[in-house]
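Below: the structure, in C-alpha cells.
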Amino acid sequence: MHSFWEAFAGSFGLVLALDPDLMEIIVLSMQVTLTAVFLACLIGLPLGAATALYRFPGRTLVSVTLNALMGLPPVVVGLFVYLLLSASGPLGPLRLLYTPTAMIIAQMIIVTPIVAALTRQVAEDLNREYAEQFASLGVGPIDRMVSILWDARYGLLTVALAGFGRAVAEVGAVIIVGGNINHVTRVMTTTIALETSKGNLQLALALGLVLLLIAFTVNACVMALRSTAARSAYA
Amino acid sequence: MREFAFDTAQEPFGQRHPDEPAPQLEARNLSFSAGGLQLLDKVDLKIQPGSRTLIVGPNGAGKSLLLRLLHGLLKPSAGEVRWQGNALDANGKRAQAMVFQRPVLLRRSVFANLKFALSVRGTRGTARQQKIERALASAGLGHLANRPARVLSGGEQQRLAVVRALACDPELLFLDEPTANLDPASTAAIEDLILEANGRGVTIVLVTHDQGQARRLGEELVFLQDGQVAEAGPARQVLDTPQSEPARAWHEGRIYLGPNTQPLRARQERAS
C-alpha cells in the first residue's frame, strides 16, 4: 500500500513538472492518434455514407464486413501491418517499420471500420427522413452524400470520438509495428506497459492519469458541442 | 367486387370538354401493388395546367400513394404517368415540387434550407439571393431567417416547406395533407400561399381530409376509395351532389364501410 501512494504522489509530480520525457511521449501519442483518426474519417465517413445511401452490388457484403471488422483484434492488425512493412514484405522497401507512420497505418486500419460502420448507421437514419424530399428536389448522388454527412455532423462527431477512444487506448498493434523505441515510437500506452513490467510505477501511473484526463476532456468537449447542437435542433 | 363504383352518367374525369388542351399531367391505368395487396387500381386522371385538383378520401384509400406515383417518387406496377404528353422523366420531375405532410427540413437555418433547394436546382448568385428574400417575405419568415429551421413552430415549418418548394419555380406543386397538423390560422396562411401560387399559374394537386379545405381550394376533385377513383369532377358538383356512395357518405358525414368489407367477404367466400 505504501508504494501505491508513493507512486501516485510521484506521478503527480511528473505531470505537474511537465517532465520533458513525459511530454515527448504525450505529444507523439496525440500526433499518431489524431492523424490516424483523421485519415480514418477521411475514408470511413464517405464509405459509411455510401453504404447507407447508394444501392450497389455487394452492398450488404460491405455492410457485414464493416460490422465484423469493428471487432478486429488490434494485435492481428499489428501483425498484418508488420508483415506488410517488414523488410521482406511487399511494402518493405518503404522502410516504414518501427516508425510513427507504421503506427498511424495500424491505428487507421483499426479505426476505419468503426468510423465507417457507425457512419452508415447515422447516415441511414437521417436518410430515412430526407430521402423523399431529396428525390423530390432532384438532389444528385454526390450532393446527397455531402448533405447527409453535413446534417449528421454532430452525430458523426460522436462517431469520430469512438474512433479516437479506440485509437488512443490501443497498445497491441502499435507495440508490434512501432517497437516502443525510446524517443522514436514510444507512446503513452506502450510506455505504461513497459514501465509497469519494469516496476517503474510512477511514470506508468503518470501516463495513465494523463490518458484519463485526455479522454475526459475530449468527451466533455464533444458533449458540450452536442448539447449546443441539440438546442438548435441540429442533432 | 369493384362494381360498387359508379355507373353514373358522368363521363370519366378529364374528358368533359372534347376540345380542351392537352393535360399537363396524366395518369393512365395507374396501378400499384405491394405485398400482394392492390393499393391503387387502374386510376385514370388528367390534370390541366393552372388547375387546382384536390384528392380526397378516407385513410388508406391511396391518396398519398397516388401523389408519390404522380411525382415519380415511386414506380407504378402497371400503367404510366405522362407529363406534358411524354413519359414522366427527370426533367418532368424537376418541373414539379412536393410538400409533405410533415415538413422535411434540413438541420440548418431557415435561410440555408432555401439556399439548399435553390442550389440543387442550379440557381446561384444574386438570382438565388433575390428568390430567398422573396420566399422569406411571402412566408413571413424574414425575421427568422437565421434561426435553425427545426425550432420553428409547426405552422412556420410548413410555411417554409411550401415557399421552399415554390422558390424552385415548379409548374406543378403537389401537397400531401399540408395542413393536417396545423391550427386554423396556420392553415389559412398555407392556403393563401397555395392560392397565390395558383394565381401565378402553378398547378396545384393537393391531398386533404378536410371537407372545408376541399370547398375552399377545390376546382377539380377526385374522390378515392380503396385505391380506385370513386368519383371525380368539378369540386362543387362532387361535394354538393355526390353521385357515388363513398362520396355521398363523406358529404353527409356518415362513416362509410361498404366496400372495405367487400374484399374480406370475397376472401372468405373464396376460402370456403
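Numbers restart at 1 for each chain; the letters A, B, ... are given by sequence-line order, proteins then strands.
- For chain A, the option among Q96(B), R68(B), K93(B) with the highest count of heavy-atom pairs below 4.5 Å is R68(B).
- In this structure, L206(B) CG and T179(B) OG1 are separated by 7.0 Å, a value rounded to the nearest 0.5 Å.
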Given side-chain contact (heavy atoms from CB on, under 4.5 Å), test L54(B) with E220(B) step by step and report yes or no.
CA-CA 6 Å; L54(B) 266 67; E220(B) 301 290 334; over 6 Å; no
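- For F216(A), the CZ atom sits in a loose shell: 12 or fewer heavy atoms of surrounding residues, nucleotides or ligands are nearer than 6.0 Å.
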What's the verdict on ring pair (Phe, Tyr, Trp, His ring centres under 6.0 Å) for F134(A) and F116(B), showing C-alpha distance, side-chain angles and the deciding distance?
CA-CA 11 Å; F134(A) 278 9; F116(B) 175 81; 5.5 Å; yes
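- R108(B) touches chain A through backbone and side chain together, each having a heavy atom under 4.5 Å away.
- When heavy atoms are compared at a cutoff of 4.5 Å, L106(B) approaches chain A by way of both its backbone and its side chain.
- Contacts between residues 122-145 of chain B and chain A, counted as heavy-atom pairs separated by less than 4.5 Å, involve no residue at all.
- Between Q158(B) and F100(B) the shortest heavy-atom distance is NE2-O, 3.1 Å.
- Under 4.0 Å is where a charged nitrogen must lie from a carboxylate oxygen, and between R102(B) and E132(A) no such pair does.
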Determine, stepwise, if the pair L193(B) / R159(B) fulfils side-chain contact (heavy atoms from CB on, under 4.5 Å).
CA-CA 8 Å; L193(B) 286 170; R159(B) 250 148 59 208; 3.6 Å; yes
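- For the residue pair S109(B) / N146(B), no side-chain donor-acceptor distance below 3.5 Å is found, with atom types taken as modelled.
- With a 4.5 angstrom heavy-atom cutoff, L74(B) does not touch chain A via any of its atoms.
- The most heavy-atom pairs under 4.5 Å with chain A, out of R147(B), R121(B), M98(B), R94(B), come from R121(B).
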